[in-house]
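Okay, so here's the structure we're looking at.
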Amino acid sequence: MDKRMNQTITIPVPKEFHFGVNLDYLARSPDECLYLIRDDKLYKAIPVAEQPRLFEVSGDESGNLLIRSLDEEEWSANVVQEIVSYVREWFDLDNDLTQFYAMAKNDPILSGVTSRLFGLRTMGIPDLFEALCWGIIGQQINLAFAYTLKRRFVETFGRKVRRGEIEVWLFPTPQNIAELEVERIAELKMTTKKSEYLIGVAKLLLDGNLSKERLLEAESFKAAEKQLVSIRGIGPWTANYVLMRCLRYPASFPIDDVGLHNAIKSVLNLQQKPTVARIKELAVGWENWEAYATFYLWRVLY
């Protein structure tokens, strides 16, 4: 019997979690290449101790997550721990959403949205470099084209991982990008500025001048935001996107986001998009849940 079939790990989940709702979110683009969804199962690879580890994520009858190895060699305890930690962070399983749902139940914007999307988590991007790159790539373009550019970027500079019929990609590392010439990235139909920003961020991470740990140790959310916006190519929108998806700051709020404005307009059946000043008024009750409120509203459109 294949040892891999025996290496299955069960991860208990909170009651405010629904695997299918999150899988629907992850399936939103056919250009996604960092994971694969097939037959209600999710396939993903991450590097552990410099080796790519490929695994399957599925849900059992109780709603818990099942992690199954697709690697040929048996996982050590350390590998299991890293993969479980990654999955927990990816699905934001350690965040208690009880208060968020209690708040949203009486909120005129969020009540219907959270009821329809109950169990959705802010799906994370645990790797800081990947989160920064995705934020930069997505600046001022529509989501479909952003996914196209990301796929080109990953398949040109990343690493393919394959086991049988399952094929996914690992995101490029800062080392892969830091030494590139701008023109090499611009060939992918990336703007010259974005190409410069991607290389610049890679160099900052390699030099140790930027790290996930340093951002998480910032004295406040605003201090972490200030660190990020000091980087060339990182404005308030990108900073808050990274603070939301990677660093899990609950108060991150990309309030200037056009998608957020359109979602609020849709939910409230407004004739025009609300102004930023009006959104601030509407969001008074969202304090320390701005990130989740934004993510749920994005899901209305995307």
Side-chain angles (χ1 to χ4, degrees), residues 1-13 17-93 119-121 123-127 129-131 133-134 137 143-144 146-177 188 245:
M1 182 180 290
D2 191 337
K3 287 184 178 180
R4 293 174 295 173
M5 297 300 294
N6 293 327
Q7 198 155 11
T8 301
I9 305 147
T10 300
I11 301 181
V13 300
F17 175 83
H18 190 284
F19 180 59
V21 172
N22 291 283
L23 203 63
D24 285 344
Y25 168 78
L26 292 172
R28 63 191 180 141
S29 173
D31 271 322
E32 180 58 67
C33 61
L34 294 173
Y35 52 80
L36 174 69
I37 297 172
R38 182 178 293 176
D39 299 326
D40 295 326
K41 295 178 180 178
L42 175 62
Y43 298 91
K44 173 74 174 171
I46 63 170
V48 180
E50 299 184 356
Q51 293 294 323
R53 305 292 180 175
L54 184 60
F55 55 90
E56 172 194 278
V57 184
S58 60
D60 67 9
E61 293 180 357
S62 300
N64 295 319
L65 292 181
L66 299 178
I67 312 299
R68 184 172 71 89
S69 168
L70 272 70
D71 292 334
E72 294 180 358
E73 70 274 15
E74 192 166 356
W75 288 345
S76 68
N78 287 339
V79 171
V80 170
Q81 183 178 0
E82 287 211 37
I83 290 172
V84 169
S85 295
Y86 183 93
V87 171
R88 294 194 71 87
E89 185 175 356
W90 192 17
F91 285 89
D92 199 27
L93 294 180
L120 178 67
R121 296 271 157 162
M123 294 300 301
I125 307 175
D127 178 69
F129 183 56
E130 179 186 338
C133 289
W134 188 213
I137 290 169
L143 189 63
Y147 267 108
T148 299
L149 288 180
K150 186 180 82 165
R151 186 180 192 106
R152 291 174 186 167
F153 185 73
V154 170
E155 293 184 352
T156 303
F157 305 116
R159 179 179 178 185
K160 184 190 296 184
V161 180
R162 184 167 187 166
R163 306 280 189 272
E165 296 181 351
I166 303 300
E167 178 182 294
V168 295
W169 287 79
L170 293 175
F171 198 81
T173 66
Q175 291 89 339
N176 297 140
I177 305 303
L188 309 178
R245 300 291 303 278

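Computed from a prediction, not measured in an experiment: that's the story for all the values here.
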According to the interplanar angle, ranging from 0 to 90°, do the rings of F19 and F91 count as parallel (below 30°), tilted (30 to 60°) or perpendicular (above 60°)? tilted
Over 60° means perpendicular and under 30° means parallel, so tell me whether F153 and F157 are parallel, tilted or perpendicular. perpendicular
Report all side-chain donor-acceptor pairs from residues 169-177 shorter than 3.5 Å, counting only partners two or more places apart or in another chain.
residue	atom	partner	partner atom	Å
T173	OG1	Q175	N	3.4
T173	OG1	Q175	OE1	3.3
T173	OG1	N176	N	3.2
T173	OG1	N176	OD1	2.9
N176	OD1	T173	N	2.7

Taking side chain to side chain contact (heavy atoms under 4.5 Å, CB included) as the test, write out the residues that go with D127, two or more places apart. F129, E130
Sequence neighbours excluded, the answer for side chain to side chain contact (heavy atoms under 4.5 Å, CB included) partners of N64 is T10, P12, V13, D60, S62
Would you check, one step at a time, whether the test side chain to side chain contact (heavy atoms under 4.5 Å, CB included) holds for V87 with I9? CA-CA 11 Å; V87 171; I9 305 147; over 6 Å; no
Indicate the atoms forming the closest heavy-atom contact of A146 with I137, along with that distance. O-CG2, 3.7 Å
Rounded distance (nearest 0.5 Å) linking atom CD1 of I67 with atom CH2 of W75: 7.5 Å
Distance, nearest 0.5 Å, that separates CZ of R245 from CG of D92: 10.5 Å
Can you list everything that forms a salt bridge (Lys or Arg N to Asp or Glu O under 4.0 Å) with R152? Sequence neighbours excluded, please. none
Side-chain donor-acceptor contacts of residues 77-84 below 3.5 Å, not counting sequence neighbours, with atom names and distances?
none

Donor-acceptor check, side chain of R162 to backbone of G164, threshold 3.5 angstrom: yes or no? yes
Contact between K150 and D31 at the side-chain level, heavy atoms closer than 4.5 Å - yes or no? no
Compute whether any side-chain donor of one residue and acceptor of the other, for R28 and Y147, lie under 3.5 angstrom apart. yes
Side-chain atoms of residues 34-55: list all donor-acceptor pairs with protein atoms under 3.5 Å, sequence neighbours left out, distances to 0.1 Å.
residue	atom	partner	partner atom	Å
Y35	OH	L26	O	2.7
Y43	OH	E56	OE1	2.9
R53	NH1	E73	OE2	2.7

